[in-house]
Protein chains: 2
Amino acid sequence: MLLYGVMTSCTRRSDETTRLIGTRLADVGARFTRARRLVVRALTESPGPMIAADLHETLRGEVPLSSLYRTLSVLEGAGILAREHGSNGVARHELAEWLTGHHHHLVCTGCGVVQDVTPEPAVEREIVGFVDHIATAAGYRATDHRLDIEGTCAACTSK
Amino acid sequence: MLLYGVMTSCTRRSDETTRLIGTRLADVGARFTRARRLVVRALTESPGPMIAADLHETLRGEVPLSSLYRTLSVLEGAGILAREHGSNGVARHELAEWLTGHHHHLVCTGCGVVQDVTPEPAVEREIVGFVDHIATAAGYRATDHRLDIEGTCAACTSK
DNA sequence: TTCCTTGCAAACGATTTGCATTGGA
DNA sequence: TCCAATGCAAATCGTTTGCAAGGAA
């Protein structure tokens, strides 16, 4: 069985996640402020990474853009968020994998939505095996990998 | 056996590649100008994708920045180049896969160099299988995939 | 009280575009 | 010849930062 949309199905654990995040912030001498809670919550409830503009709109004026960017920067510096860049170069933000679990991304070329996918453990093990094989053969020591799958989501396929 | 650095080992075919590119440009009503030849050559000789600033420097004043960007845009519009975005959001450019063959990227977290890797066919087939499996299970129809392997290259590992 | 955080406005850097000029088929 | 391509300067856009004001421990 394949799990996807991990975070949305884990909201019952959001208080535990919140506690972990508070601790991590304290570790780097930062506070768990209102804006930071709002951003973490929005990302926790999202099925995939979000860009700053989306967050800004979702938080409807609660957090001005510059503060939002600073919030994202602090959370990333604390290792709570991860940043990546979509095909247009705009930064996408999501909770780090130590909070969500390791996962990959399905990118719909139709509507642009990005969705998390967690392969079943056996599949992920195979992928890791190939990644190590490829890296080793090229003289690299692999530390991480990112698999983006492009395609059309169910809704866009039926259009 | 693993092949990597595909393009550098294929320079003997660069005249054929050049012809294909000229044809493709003609198809979209564009000319194969000096600047476009220079950019294509630089990318053909590179072991991996390049950012605009690198190209600008490599072409040492031969092509002003704005023209370089327009050149990249035209070549991408014609399907000759592909664009992706590194961890800092800066666009990286490379020849499209119909010219280079399908490949993935090894990203060195030490020196930032990005190198092409072409897995052996059996490995690539397995990867495609997993990609389809994962996409299908989530209701997507996979059309493409991108695998970025992060790690440390031989030089950085020994440092 | 002491820092951390906020919000506004201004600065930045990568990329794009208007416009007059140049150049290639 | 004629339309595409060029190059400069100015404009965009996402993102970052200086600085003074506000807030939590």
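Letters A, B, ... are given to chains in the order of the sequence lines, protein chains preceding strands, and every chain is numbered from 1.
Ring-plane geometry between A/His145 and A/His104 is classed as tilted, the angle between the planes lying from 30 to 60 degrees on a 0 to 90 degree scale.
Counting only distance, with no hydrogens or angles, the side chain of A/Trp98 and the backbone of A/Gly79 share a donor-acceptor pair below 3.5 Å. A donor-acceptor pair under 3.5 Å is formed between the side chain of B/Arg37 and the backbone N or O of B/Phe32. A donor-acceptor pair under 3.5 Å is formed between the side chain of B/His85 and the backbone N or O of A/Ser87.
Between A/Arg37 atom CZ and C/dT6 atom P the separation is 12 Å, expressed in whole Å. Distance CG (B/Leu68) to P (C/dG13): 19 Å, rounded to an integer number of Å. Taking atom CD of residue A/Glu62 and atom C1' of nucleotide C/dT5, one finds them 16 Å apart after rounding to whole Å. Atom CG of A/Leu38 is separated from atom P of C/dT6 by 10 Å (rounded to the nearest Å). Look at CZ on A/Arg34: it is 17 Å from C1' on C/dC4, rounded to the nearest Å. To the nearest angstrom, P of C/dT16 lies 15 Å from NE2 of B/His56. Distance A/Asn88 CG to D/dT12 C1': 15 Å, rounded to the nearest Å. Between the CG atom of B/Leu72 and the P atom of D/dT6 there is a distance of 12 Å, given to the nearest Å.
Closest to the side chain of B/Thr71, out of D/dT6, D/dA5, C/dT6, is D/dT6.
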B/S/- contact track for nucleotides 15-25 of chain D, protein heavy atom under 4.0 Å: BBBBB---BB-
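For B/Glu57, the CD atom counts as loosely surrounded, since its 6.0 Å shell holds 12 or fewer non-hydrogen atoms of other residues, nucleotides or ligands.
D/dA11 and D/dG7 are spaced 16 Å apart, taking the C1' atom of each and rounding to whole Å.
With B/Val40 as the fixed residue, the side-chain contact (heavy atoms from CB on, under 4.5 Å) test singles out one of B/Leu99, B/Leu75, B/Thr18: B/Leu75.
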